[in-house]
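Okay, structure first, notes after.
So you know, we letter chains A, B, ... as the sequences are listed, proteins then strands, and number each from 1.
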Amino acid sequence: MFETKSLMVLIPALPLAAAIIVGLLGRRWLKEYSHVPVVLALAGSCVFSLLLLKDISNREPDAKQVGVEVTHTLWTWAAIPAAGVTTPQIKATPNFQIDITLRADPLTCMMLPMVTFIATLVAIYAMGYMHGDPGYWRFYAYVGLFVFSMTMLVSVSNFALLYVFWEAVGVCSYLLIGFWFEKPEAAAAGKKAFLVNRVGDFGFAFGLFLIWVSFGTLNFHDAGDVQGVLGQTLLANPARYAEIITGSVALAIPLLLMVGACGKSAQFPLHVWLPDAMEGPTPVSALIHAATMVTAGVYMVTRCSPLFMLDPRAQLVVACIGGFTALLAGLIALTQTDLKRVLAYSTVSQLGYMFLALGTGSLAGIVAGMFHLFTHAFFKALLFLGAGSVMHGMHHIIDMRRFSGLRRVMPWTCLTFLIGSLALAGIVPLAGFWSKDQVLAAVHDRAHDGGPFVYLYYSAVLTAFLTAFYTARAFFMTFMGPLVVPHEVGDHAHESPPAMVFPLVVLAICSIFVGITFDHSLGDFIVRTPSLACTLVAGEHGLEHHFHWDIAAISTVVAVLGIAIAAYFYLGDRRQINALTRIMQGVRLYGLSNRKFFFDEIYHVLFVLPLKGLAALSYLIDRWLVDGLVNLCGWIPRAVGAVLRNIQTGVVQFYALAMVLGLALLIGTLLVWKVG
Amino acid sequence: MSLDAIKILTPELIVILTATLIYVLGAFLPGRHWGRVAMLGLIGAAIALYCTYEYRFWPEGAQAPLASVEIKGPIAVDLFGQYIRWLALLVGSLFVLTAQRPSSSTPAAEMVGTLLMSVAGTMLVGSARELGLLFLGLELVSIPTYVVLYLARGDRASQESTVKYFFLSILSSGVLLYGFTFLYGLTGTTDLVEIRQILLAGDDTLGAGRLFGRLALVLIFAGLGFRITAVPFHFYAPDVFQGTSNLNAGLLSVLPKIVGFTALVRLIAIAMPGYEVLAWRVAIVLAVLTMTLGNVLALWQDNVRRMLAYSSIAHAGYMLIGLAVGLAANMEDVSSVALFQGIGSTIFYLVVYGVSTAGVFAALTALGEPDKQVDLLDDLAGAGKTHPFVAGCIAVFMFSLAGLPPLAGFWGKLSLFFSALGVDAPTGGDTSDLRKWFLALAIVAALNAAIAAAYYLRIVGVMYFRSPLTTLAGEGGRGARVALTASVVLVVLMGLAPGRLQSGANKAAQSLLPAPATPQVAKLP
Amino acid sequence: MLEVQLLYNYLVIGALLFGIGLVGLLSRRNMLIMFLAAEMMLQGVSLSLVAFGRFHNDWGGTTLVILILTVAACEAAILLALVQCLFHRTGNLDIAVWHDLRDANQPKFIDQEVPGDDAAKPEWPTLTPAGIEPEVDADEALEHRIHV
Amino acid sequence: MSAAALLATTLITPQWPYALAALLFAAGMWLLLPRGAARGRRLGAGVCLAGLALLTLLVHCGMVVACGEESCDVKWLPALSTSLGLGEDFVFLTLAAVTVASAIASVTFRKPVYCAIWFALCLMGVAGLFLYQGAQFLGVATIVVYAGAILVTILFVLMLATPEGHAYYDRLSWEAPLSSVLAGVLVGLLTITTASALTTPPTGDKPAAPAWLAAKTTDAYHAERSKNILNDNHLAGIGRELFSKHLIAVEVAGTLLLVALVGAVAIAQSIGPTASATKRDS
């Protein structure tokens, strides 16, 4: 029905068009109907993405090709031509040329439907959630712009364009975090996100410079006689990579790219912005800060995996950053009382999982990371939307200590949140189980050889336990127990409107089935991506499927254990503690005879306090060391400026004096320093 | 020669005649017909623009009509001159539009006419090939500037800014002229082409003349450093910007930079072969000082114009990179690629910077009212809500100045950085040192770009994330709005398709030197 | 004199004039004197230019000096108008008055000590009176002439 | 070679007398500049004079101080010290002395009117120097344009502005020591540059004239010059040059004058009732 190339253009074009329409007409004319163009466009994009997926999955790589790829050049964007003269004596510098080229390959085709599908559901959800907000049209314009940028990010075929849309999604994220800009925290959070991301972008940009200097092009694909960085020619002959980039450059390029990925995907030490980014509207948290934009780093590392394969140290760094972040964020999530913040730290932790998988440097690991990205998008979006539903019902109160037992007033939300929680915790047969299993298996494979991966494996298992614990804790605190609602809400606690429940249900169904459905097929599909299909990454054998019973068993046990302990504390004890508190107020000595009270104290001292301490320590490191470094970097130029501004005295003759002084210095130097 | 010269100078003549006409009409027009005066200026600029189109430089083969005009004289007929002319007319028209509604104490005819005169001066500098004419062109930019500075507001601050600019400007003119003196003394001619030939041939008539040459180089750098606001010749900029109107601040941050860089290219990069080693080192030192100082001081400012003054200083630093590249590359070979890339990226950056800056100041003008301007950063608070269109445009300009893709400023910075990274050791020469210097320069520039983002975003943040403190009138006139819209369209267009402009700049840079049919360069002993 | 010696001497005189003008421009606080000093710098430049022109047997130097003369005239015109207005506003010609525009944290410039009017009444030469001594009208003593 | 050694070789040998002269000049300028009280002005004049005299010896009389291992001796460059005649020398030296001395006076006198008058004298000197060079037109033009037009107008404004003629700001200088030292350094640097460019220091006993000098001393060269720049029809030569090669420049100069005229009128017209009286005049 549609040609591949027109599909590739239509997918990003529709959201862009919708964003422009809403941006121009929304304020005056569309007003509360601003969602119409965006929802329609996103749904259209989603359909086209699926068509494209079908198209690409039907293609088989021919003999000359590594993997499957389709590229479509729209126009030449910029050209900094080397001057026309080239004489034999002059080393011709290559033209710096950027073509607007879209590409479709399995990796892109995996990302596109996921992004557009979740975006569509979030847009529908926001119809209920954002209803009546004065910036309704603005919200939809931003969302359209974001989806355009994100779809472009995954479909462009050039590092420069990747960088452009990398920034573009950052800008959209900035705008959406600061959406309620009258609120000081929101403005500050937007700024923080932007600034921390700049640090990452700085590294990324330097990585791009190095790539350009080494390869002479920024293209992924081959164009004419220019051999792309990830083009067929180089992939077919991976030995050339080692000739082009050698020594420290081979290490520097992946590390600099990883710095960029750390910024965008909120990895240690640049993870600090993501929890604060929860100041934005909850649909935004679900779409941008859980499912799509934050995975851009993972996507980019996967896309560039041939570059990461060149130096094992780079892989180790990626794995260590991932593993450490996963553990750190898991620990912090234990003690958070803000529902959205628990989920935010959980996102950081799960992204760490993905990087850990990518860092194994095996095809199975990369596939596992992408698979986890895929499943995580569904259940994390579900959880966030569920949290948003709670917020909607609780009049924007999200502190878990102020409500409980909401299962009675919000049955749909409760049910879908439960499914999401179980999926996140990794309970059979929900989505999280299958992907987490693959990740653990990939790490375990590397741990056979000993070395740091052994520790990474154990920390990953520990993280799985923590994940189950804090997820269950959040669920129990919110939905179980006696019905408590904040007094601001009064009797108005209610289930959310159908526009919000519908996406929840759809996502819940997806969270149940995407794992088991795509367990093998997703891997088989994306290994045909050129970057992954080359022998450098795929090795001799390609992808092999094993189901690791031992690992599945361990992860299940760990998850169940986590849930059980959470249940013990937050189902039973909370009631006990509440009752106890009341009794203790009346009868002082009675408490001593209550054995449960002792247990509680012992557990508290033995278990909760150290963890809490550890969590607090992590938080402190986070707060003072990392934030402090970031602040220091911002402080230095200001301090220099404070000193230098003293020369601007306002007296003309001082200025003239300084000018002549500069002149005298220049002349004096040229007399002494006899160059030229 | 004279008839041909007149033909070639048609655009300048038209602009000057329009200005004169405006002066004359100003004496007869009763009341305040500012709209008409600005319209007249605009028509003049448009006709002049059409005349430059006669020597269009977009199509490939269009150099032919230019080459056929063989003129030995003070006017260079090359694409470089055309590019500068075209740029001057473009930003000049934007400024004329912005000037459509001056304050009630400003005599509009004098204002607009004088403004056009300085545009004519800029155009003249673009194609001047002789020391005397070059000097007059520079003065034809700065003398009108004194006048418009004074006429802008008619209050104490504007008087102060005029007096500051006046004295420092005549000091710098003196220094520049002293540099001209030594250049003339070195070679015995005022014609830049002849100077180049004499220096290339190595028969400068003074025995130990190299000392004179170096002296000339440094003095010229110092004199023109004032125009381009290079540190330490930048001092006037923040004070003068603060004390004058938004329109004048825009004028001051664009036109002197254009003439300064044009003159530097013509005088140092082209006319003084054999002195590049000193020249590129001076340029690098100035570049590092200039961009760093501009950026760190901009972090502290609360006055919008003052902040933008420091920003304009920083941008001069970026542009000096391109000049340094051009100078360093020239060392080896006339036909060197990097020479053209360096100079080409500098003039491309001039376009990008000029349009963005003209846009910013047009927007600030539009937000204020004729007798009360937008001064402080606080005045802009909440503009995102009260004036969404203008605020959005300012945000675009800020992002462009900060160098965020995909706006024009990004390409400007990118081509500068690439030209710096493209400096390569010439074959056989031991200049590994050279590459290192330029790598360091690129890194410093990148760091500076990161610092700069902080204060550009601060403006955006103030507009969008704060609630208004004062009410912005938004009575700057329709002209300012049109100028602002035109600039924003240009910035976005240049961001989406900068290719032709870049290749145009490169071709312009190539046209500075005769085709490399005879690439032999006699090295000086 | 020999050509080279002539050139040498003129260049040094030019440099001296440039330097003296610089001192005046940098130190003197009267705006008109500052302008005179700046013109003196241009004189130095002109001398050097003419000397170079003669040395090279070329007209370029002379023509450049003529152009400099023109520009100096233009600058003088602007300056005089400007000084008129500035004087009208502040009542003096002090350049240091004009420093309201400066970086926000900078203190105001204040003279350390303003010297008093130390111009003692000079003794004017007087003619030996001859004939009948004229009566001096006190009102006719023109105070302002004392200091020119 | 280290930077310090470079500095030493560049600045100390044979250029140190120049540095000394410049330094004396700077010190004299500082003493001469208005500093509140009038003390030390005579000393300043003396120091300044000493510096200038040293400079004259070095530049005009071709004195070279060559330092050996143990002692320094003074030598004279024959190529430079040869003069064509005592009378001519005297005329030149007088003109130069008048010019420089009145220049110094014109920036150091406290009363602005005196400054302007000294400046007029300086202009006379410059005009004389122009004439001495054979630049007749410039000599006349300087007097007509500067002394006749600009200076008289400035005097006029001065009279209007400060009739009593002794304001506090005329008796104070801004950063006098720094600016005079800076100017001294600049003069020194320029002189040293000129000296090293134009003269070659004597090697051994016999000071050698620069080889390239020969070209400028030939009869043919002089003959050509007397046909060109030192022609009897000097004015005609300038006119031809100006209106052929520099025609465009002349036109631009005309434009510039127009702008200045209009600008000056526009500025002068703008004096309104807004003027506030923040008088700091004593």
Heavy-atom distance under 4.5 Å to chain A: side chain of [X], backbone, both or neither?
{"X": "B:V175", "result": "side chain"}
{"X": "B:F417", "result": "side chain"}
{"X": "B:I451", "result": "side chain"}
{"X": "B:R306", "result": "side chain"}
{"X": "B:A446", "result": "both"}
{"X": "B:Y310", "result": "side chain"}

- prompt: Can any side-chain N or O of B:K164 pair as donor or acceptor with the backbone N or O of A:Y655 at less than 3.5 Å?
  reply: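 Flag not set: sc B:K164 to bb A:Y655 has no pair under 3.5 Å.
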
Sidechain-backbone polar pair: A:Q648 side chain, B:F235 backbone, donor-acceptor under 3.5 Å: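 The answer is yes, because a donor-acceptor pair under 3.5 Å joins these two groups.
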
field: Closest-packed option against chain A by number of heavy-atom pairs under 4.5 Å, given B:F410, B:W300, B:F226, B:F233
entry: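 Of the options given, most contacts go to B:W300.
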
query: Which of the residues B:L217, B:L171, B:V296, B:L447 is involved in the greatest number of heavy-atom pairs with chain A at under 4.5 angstrom?
result: B:V296

Name the region of [X], side chain, backbone, both or neither, that has any atom closer than 4.5 Å to a heavy atom of chain B.
{"X": "A:A642", "result": "both"}
{"X": "A:F206", "result": "side chain"}
{"X": "A:V643", "result": "neither"}

Got a second to check how far [X]'s [atom1] is from [Y]'s [atom2], nearest 0.5 Å?
{"X": "A:L666", "Y": "B:L286", "atom1": "CG", "atom2": "CG", "value": "6.0 Å"}
{"X": "B:L297", "Y": "A:N646", "atom1": "CG", "atom2": "CG", "value": "9.5 Å"}
{"X": "A:Y163", "Y": "B:L414", "atom1": "OH", "atom2": "CG", "value": "10.0 Å"}

Tell me the closest heavy-atom pair linking [X] and [Y], and the distance in Å.
{"X": "B:S172", "Y": "A:M659", "result": "CB-CE, 4.4 Å"}
{"X": "A:G650", "Y": "B:D239", "result": "CA-OD2, 3.6 Å"}
{"X": "A:G662", "Y": "B:P232", "result": "CA-CG, 3.8 Å"}

task: Decide yes or no on side-chain contact (heavy atoms from CB on, under 4.5 Å) for A:I667 and B:L219, but give the supporting numbers first.
output: CA-CA 8 Å; A:I667 296 181; B:L219 288 166; 4.2 Å; yes

- prompt: Is the distance between the ring centroids of A:Y174 and B:F465 less than 6.0 Å?
  reply: yes

message: Please evaluate residues B:L293 and A:I647 with respect to the criterion side-chain contact (heavy atoms from CB on, under 4.5 Å), reporting the C-alpha separation (whole Å), side-chain torsions for both, the decisive distance (0.1 Å), and the verdict.
response: CA-CA 11 Å; B:L293 189 119; A:I647 59 176; 4.2 Å; yes

task: Take B:Y236 and A:V652 through the test side-chain contact (heavy atoms from CB on, under 4.5 Å) and record every step on the way to the result.
output: CA-CA 8 Å; B:Y236 72 94; A:V652 184; over 6 Å; no

